[in-house]
Amino acid sequence: MIQPQWFTKYKPQILNVIRVAFALGITFVICQFKLDYLESWTYDLRVQFQKVRPPSGNVRLVSIDTATLKEIGRDPHATDHTMALLNLLKAGPKAVVYIFSPSEVVGSYDELKEFGDLAARFPNFYYAADTLHRKGVAAELKLPSPLDGIKVMSGPKTEDQRIFARDGVTRRVILSFEGSPTLHAHVAGLYTGSETWDHYRGTFDYLGSKQVYLNYRPAGTYPVMSFKDLMTNTFDPGQFKDKVVLVGRDTLENTFDYVATPYSKNPVSMTTLEMHANMLDTLIKNLAPIRTSHWLDLLLTALISMITLYVVITLRPTEGLILLILTMLTFIFVCHALLSLAGVWVEMAHPMLAIFICYYFFIPYRLIMENRRSWEYYQRNRLLTQVEELKSNFLRMMSHDLKTPLARIQGMADVVLTDTTPLSTSQTQAVKTIRDSSRELSDFIGSILNLSRIESKDIKLQLKSRDINQVLENVVHQLDYVAKKKNIEILTEFDPLFSLKIDEDLLRQAFMNLIENSIKYSPENSKILISTEEKDNNLIVQVADQGRGITPEDIPHIFHKFYRSWDVQNSAIKGSGLGLFLAKYFVELHRGRIEVESEINKGSTFTVFLPNDLKEA
Ligand code: ADP
């Protein structure tokens with residue numbers, strides 16, 4: 001498909017815009033889902049690991065517990081309550097709150113009246129009704145006579161039953177309903193000096209009410225006194241001075257006396273009594289968590305979607321996964337730290353969901369892209385292999401076809417030179433140049449042929465038992481003429497050696513290249529020493545010259561295909577850059593290796609190591 005020019009030019013930018021649009025689209029869709037359950041779950045986890053703040057110390061709990069029932073053998077009657085309240089009144093509390101309805105207390109009319117009248121003598125005595133005070137139906141909150149002197153205020157527990165997380169956990173305190181304060185706001189106001197609710201941090205509106213989230217402490221944080229101790233006056237009255245005393249039940253008879261909390265979803269994980277203490281303390285200490293706004297949630301979700309998208313599209317899979325996990329852990333850690341240290345509840349459900357959705361959404365996209373790319377690579381590679389094959393065939397054909405006419409030229413030059421008919425000096429010189437040049441060309445063609453054999457991998461070792469010293473001597477003999485032209489003396493120090501199973505042609509070529517190089521790169525009138533020895537399970541051949549040497553920068557490259565050092569390239573010394581490459585390759589085919597040591601203007605030593613196990617068995 002032909003793409004318009006502007007598209008090709010701006011393709012990466014266009015793709016980026018499309019991807020960002022996708023990430024934003026996913027953000028938008030995810031944020032449409034109310035994930036209260038998931039959000040509250042992540043919140044509860046944070047609460048469980050958060051730093052617990054010490055209570056205000058203004059709330060005291062008295063519970064009608066199993067010890068009380070055991071002591072009096074039944075539920076406390078009106079007379080028992082009167083007895084307990086008489087003791088409490090002397091202790092001088094700021095407020096007393098009955099968490100259960102005093103109308104459940106049994107007794108004769110007179111006994112109940114005595115109880116009701118005594119309760120009314122307290123400066124602040126309330127019954128915390130579990131219903132909300134609806135405007136115009138105030139009578140609903142009145143207790144029946146003779147208890148009607150007891151003040152009733154709405155102080156409901158707020159289970160997330162049909163709203164919010166719907167998991168039955170209590171997480172909120174209602175501060176006011178339809179403009180009237182609840183019991184909690186009222187009693188907390190006795191300590192904060194203000195009955196209004198707008199100054200509490202984290203206040204939010206919900207269906208005509210003002211609410212805050214609870215700053216929880218785990219169950220057992222508040223010490224609880226048994227009701228029987230209050231009745232029998234076996235307590236330290238100083239502990240109730242100016243405190244708010246909550247009286248409730250903990251007899252394991254009624255689930256209403258218990259709540260599920262972020263610490264545990266077990267419906268009896270905390271007494272309602274202690275939950276009310278948490279509610280009051282949240283307000284007295286003004287420590288309600290602040291839930292961040294919907295906009296921040298949207299922003300974080302978008303940001304995390306884009307990070308996920310970037311990671312999935314651009315990084316390698318394992319790297320990407322690690323980075324995503326790290327991002328997730330960092331996000332969790334920051335959210336946790338914010339709640340624990342600053343009481344800020346950052347929404348986590350949408351951003352976390354965004355990571356998963358973006359990851360699973362873009363992984364297939366990436367797979368498709370990679371598949372397409374590898375298909376393109378495959379096609380390109382196939383084309384390149386074909387071109388490479390064509391090139392090798394061409395080189396081989398050319399080299400073969402050139403070799404025969406070249407050999408003919410060389411032969412003819414020799415014939416002319418050895419002919420009895422004398423030539424003039426300049427003619428002799430010209431014919432010699434023809435012969436030398438065609439020899440050089442033939443060497444070059446030889447190297448190219450070897451290279452194409454290597455590249456087409458059609459070299460098979462023809463192993464035959466040979467004496468390396470003999471092979472070297474032949475090479476020296478062949479090159480004697482070239483050395484003599486520069487008046488270079490080739491010295492040999494051959495130790496007697498066992499025969500080795502080698503491919504004579506290949507190793508001859510390798511040694512030829514090394515010795516030819518030492519002649520080429522040595523000045524006139526210098527010496528070359530060729531030595532052999534057996535040492536440490538190796539047969540060692542050394543070619544040492546007194547030539548120009550090789551710079552330390554060049555040494556790592558000289559065995560590379562077509563590499564020629566810079567100064568050599570700019571000199572008159574001819575070469576293809578293939579000699580050492582071929583020598584190394586041929587030696588390595590025999591499981592050997594070549595090493596080089598060199599000093600500028602002092603000379604170079606090439607050492608060939610051939611393994612001893614090439615020896616004939
Ligand atoms: P070339 O055809 O250039 O000689 P080689 O592969 O044989 O190619 O050698 C690669 C390079 O290594 C040469 O260009 C030269 O710079 C350096 N070199 C090889 N042998 C010697 C030597 N004996 N003395 C100095 N330099 C050498």
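In this text, all values refer to a predicted model and were calculated from it rather than measured experimentally. Atoms within each ligand, like the ligands themselves, are counted from 1 in listed order.
By the 3.5 Å distance cut-off applied to N or O atoms, Lys574 is not counted among the residues near ligand 1. In terms of N/O distances under 3.5 Å, ligand 1 is approached by Leu580. The distance criterion of under 3.5 Å between nitrogen or oxygen atoms is not met by Ile550 with respect to ligand 1. Annotation: Gly575 places no N or O atom under 3.5 Å from an N or O atom of ligand 1; distance criterion only. For ligand 1, one of its N or O atoms has an N or O atom of Asn517 under 3.5 Å away.
Residues satisfying the ring pair (Phe, Tyr, Trp, His ring centres under 6.0 Å) criterion with Phe49, sequence neighbours excluded, are absent altogether. Residues passing the ring pair (Phe, Tyr, Trp, His ring centres under 6.0 Å) test with Tyr213 are Phe204, Trp345, sequence neighbours excluded.
Taking every heavy atom of Ser518 and a limit of under 4.0 angstrom, the matching atoms of ligand 1 come to 23 (N).
Nearest non-hydrogen protein atom to atom 18 (N) of ligand 1 is Tyr521 CE1, 3.8 Å. Looking only at protein heavy atoms, the nearest one to atom 16 (O) of ligand 1 is Ser565 OG, 2.8 Å.
At a threshold of 4.0 Å, the pair Asp436-Lys485 counts as salt-bridged, since one of the basic side-chain nitrogens sits closer than that to a carboxylate oxygen.
Counting only N and O atoms by type, the side chains of Gln410 and Asp414 include no donor and acceptor under 3.5 Å apart.
Contact annotation for Leu514 and ligand 1: no heavy atom of the residue comes within less than 4.0 Å of the ligand. Only the backbone of Tyr563 comes within 4.0 Å of ligand 1, counting heavy atoms alone; no side-chain atom from C-beta on gets that close.
Val346 and Arg46 make their closest contact through O-NH1, 2.8 Å (heavy atoms, listed as atom of the first residue, atom of the second, distance).
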